[in-house]
There are 2 protein chains.
Amino acid sequence: MSDPTESGFCCPDHSGPQSATRILSQAQARAARMRLRLTPVRLRTLEILIAAHGALGAYDVLEKLAAEGYGTQPPVAYRALNWLVEHGFAHRIRRLNAFTACAHPADDHAAAFFICDRCDSVTEAPAVAVTAALTDAAQAAGFAMERATIEAVGQCRACDGAGA
Amino acid sequence: MSDPTESGFCCPDHSGPQSATRILSQAQARAARMRLRLTPVRLRTLEILIAAHGALGAYDVLEKLAAEGYGTQPPVAYRALNWLVEHGFAHRIRRLNAFTACAHPADDHAAAFFICDRCDSVTEAPAVAVTAALTDAAQAAGFAMERATIEAVGQCRACDGAGA
DNA sequence: CCCTTGACTGTTATGTTATTACGTTAGATA
DNA sequence: TATCTAACGTAATAACATAACAGTCAAGGG
Ligand SMILES: [Zn+2]
Ligand SMILES: [Zn+2]
Ligand SMILES: [Zn+2]
Ligand SMILES: [Zn+2]
């Protein structure tokens with residue numbers, strides 16, 4: 001009932017196979033445009049993240065990769081995941097020690113993440129205004145900000161009110 | 001040269017023994033006011049965090065506690081640290097897997113953290129505006145936000161321009 | 001006064017997440 | 001073809017975190 005992979009309500013951007021295809025093709029277009037090598041392991045890792053909906057731990061990804069004949073050791077997963085994050089195909093969710101596919105790999109963007117503490121769904125949202133406010137705060141503190149992690153915990157639309 | 005414990009420039013709020021004392025007495029006042037038991041291990045842990053300036057990992061704290069005759073095993077440090085975080089005496093810095101003393105334990109507050117990637121200093125800043133923007137974004141997404149993690153990486157005032 | 005209760009501290013053992021180091025492979029370059 | 005380099009693979013280990021359980025002690029009711 002509160003499993004986001006079944007409800008389809010976890011987030012508007014990851015709501016079905018149609019969307020998965022869209023994300024993947026945006027990602028491939030981005031890779032081509034930027035001359036980035038989306039190799040088999042990297043591509044497969046990205047597909048796994050997209051299919052997972054919520055965030056996956058590195059060892060979850062590794063397990064799937066290993067089952068498909070890729071390497072069996074942690075660096076295999078961490079290298080692919082870190083590469084995807086560095087190049088804008090995925091995001092790292094620090095509160096969960098996990099990774100999630102970027103919902104909008106077409107363009108560079110500042111994102112915030114909403115993490116449901118009931119169903120563990122993770123929703124990516126544009127965070128232009130939040131980042132602007134944070135940039136102001138940084139300047140006031142004399143800090144040269146480069147990038148930020150913005151994660152919120154609470155209840156997603158599906159779980160709020162439903163569970164209790 | 002870029003060691004924040006020596007420069008005194010890492011952040012305006014943690015800039016010396018005077019400030020350490022202020023933070024500690026604010027914390028003790030808070031504990032008294034809220035009837036919270038700031039026991040010896042907890043107090044000592046807080047003092048260690050305050051003295052450290054930047055963020056400390058749980059095992060760094062544990063090492064110091066153990067050297068002073070407290071328990072030697074991870075749960076000793078994690079319990080004290082988690083208690084301090086839960087009750088507003090410290091914050092967890094997820095990007096660093098570390099903990100830092102709250103600079104303003106007198107009042108409840110939304111905070112953002114600026115992490116210097118040169119000297120590893122961590123500065124706590126008020127984040128009312130940032131949190132407001134994030135709350136707006138959450139509402140737009142139909143998400144019932146409870147709390148947030150806001151961490152930025154970049155260069156602190158002391159390191160920016162200095163190093164390179 | 002004695003017993004129960006619950007918060008706190010401690011230990012052992014284990015689980016989870018992440019990196020270092022190094023050898024091999026395969027495509028690009030000259 | 002010889003060389004170079006990014007990518008991939010493995011083994012080993014480091015770093016971070018929790019589960020489960022035992023002993024201590026102060027507060028409160030019989
Ligand atoms: Zn994204
Ligand atoms: Zn939910
Ligand atoms: Zn604080
Ligand atoms: Zn610095």
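Convention: sequence-line order gives letters A, B, ...; per-chain numbering from 1. Remember, predicted model here, so these are calculated numbers, not experimental data.
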With the stacking rule set at 5.5 Å and 30°, tell me whether B:Tyr59 counts as stacking on D:dC16. yes

Whole-Å distance between C:dA18 P and A:Trp83 CH2? 20 Å

OP1, OP2 of D:dA15 versus side-chain N and O of B:Asn97: anything below 4.0 Å? no

Atom pair distance, as rounded to whole Å: CG in B:Asn82 and P in D:dC16: 15 Å

Out of D:dT10, D:dT18, D:dC8, whichever nucleotide has its closest atom nearest the side chain of B:Pro75: D:dT18

How are the rings of B:Tyr78 and B:Phe99 set to each other: parallel, tilted or perpendicular (split at 30° and 60°)? perpendicular

Using a 4.0 Å heavy-atom cut-off, does A:Arg79 contact any base of the nucleic acid, only the sugar-phosphate backbone, or nothing at all? base

In terms of the nearest nucleotide of DNA chain C, which residue is placed more toward the 5' end: B:Gly69 or B:Pro74? B:Gly69

Does the side chain of A:Arg92 get closer than 4.0 angstrom to OP1 or OP2 of C:dA18 through an N or O atom? yes

Between A:Leu96 (CG) and C:dT16 (C1'), how many Å, whole number? 14 Å

Give the rounded distance in Å between these two atoms: CD of B:Glu68 and P of C:dT9. 15 Å

B:Leu62 CG to C:dT9 P: how many Å, rounded? 14 Å

Nearest whole Å is fine: how far is C:dC8 C1' from B:Leu84 CG? 14 Å

So, OP1 or OP2 of D:dA11: does either fall under 4.0 Å of a side-chain N or O from A:Gln73? yes

Any luck finding a side-chain donor-acceptor pair between B:Thr149 and B:Arg94 under 3.5 Å? no

Among the nucleotides D:dA7, D:dG9, C:dC8, which one has an atom lying closest to any side-chain atom of A:Val76? D:dG9

Does A:Met145 belong to the same Ile/Leu/Val/Met/Phe/Trp/Tyr cluster as B:Val122, with side-chain heavy atoms less than 4.5 Å apart forming each link? no

Going only through I, L, V, M, F, W and Y residues with side-chain contacts under 4.5 Å, is there a path from A:Phe114 to A:Leu49? no

Counting the atoms with a prime plus P, OP1 and OP2 as sugar-phosphate, which does B:Arg42 contact under 4.0 Å by heavy atoms, base, sugar-phosphate, or nothing? sugar-phosphate

Students often mix this up, so state it plainly: with edges at 30° and 60°, are the rings of A:His91 and A:His109 parallel, tilted or perpendicular? perpendicular

Figure out the CZ/P separation between B:Arg94 and C:dT17, and round it to whole Å. 12 Å

Within the structure, does a side-chain N or O atom of B:Thr72 lie under 4.0 Å from either OP1 or OP2 of C:dG10? no

Separation of atom OH in B:Tyr78 from atom P in D:dA15, rounded to whole Å: 12 Å

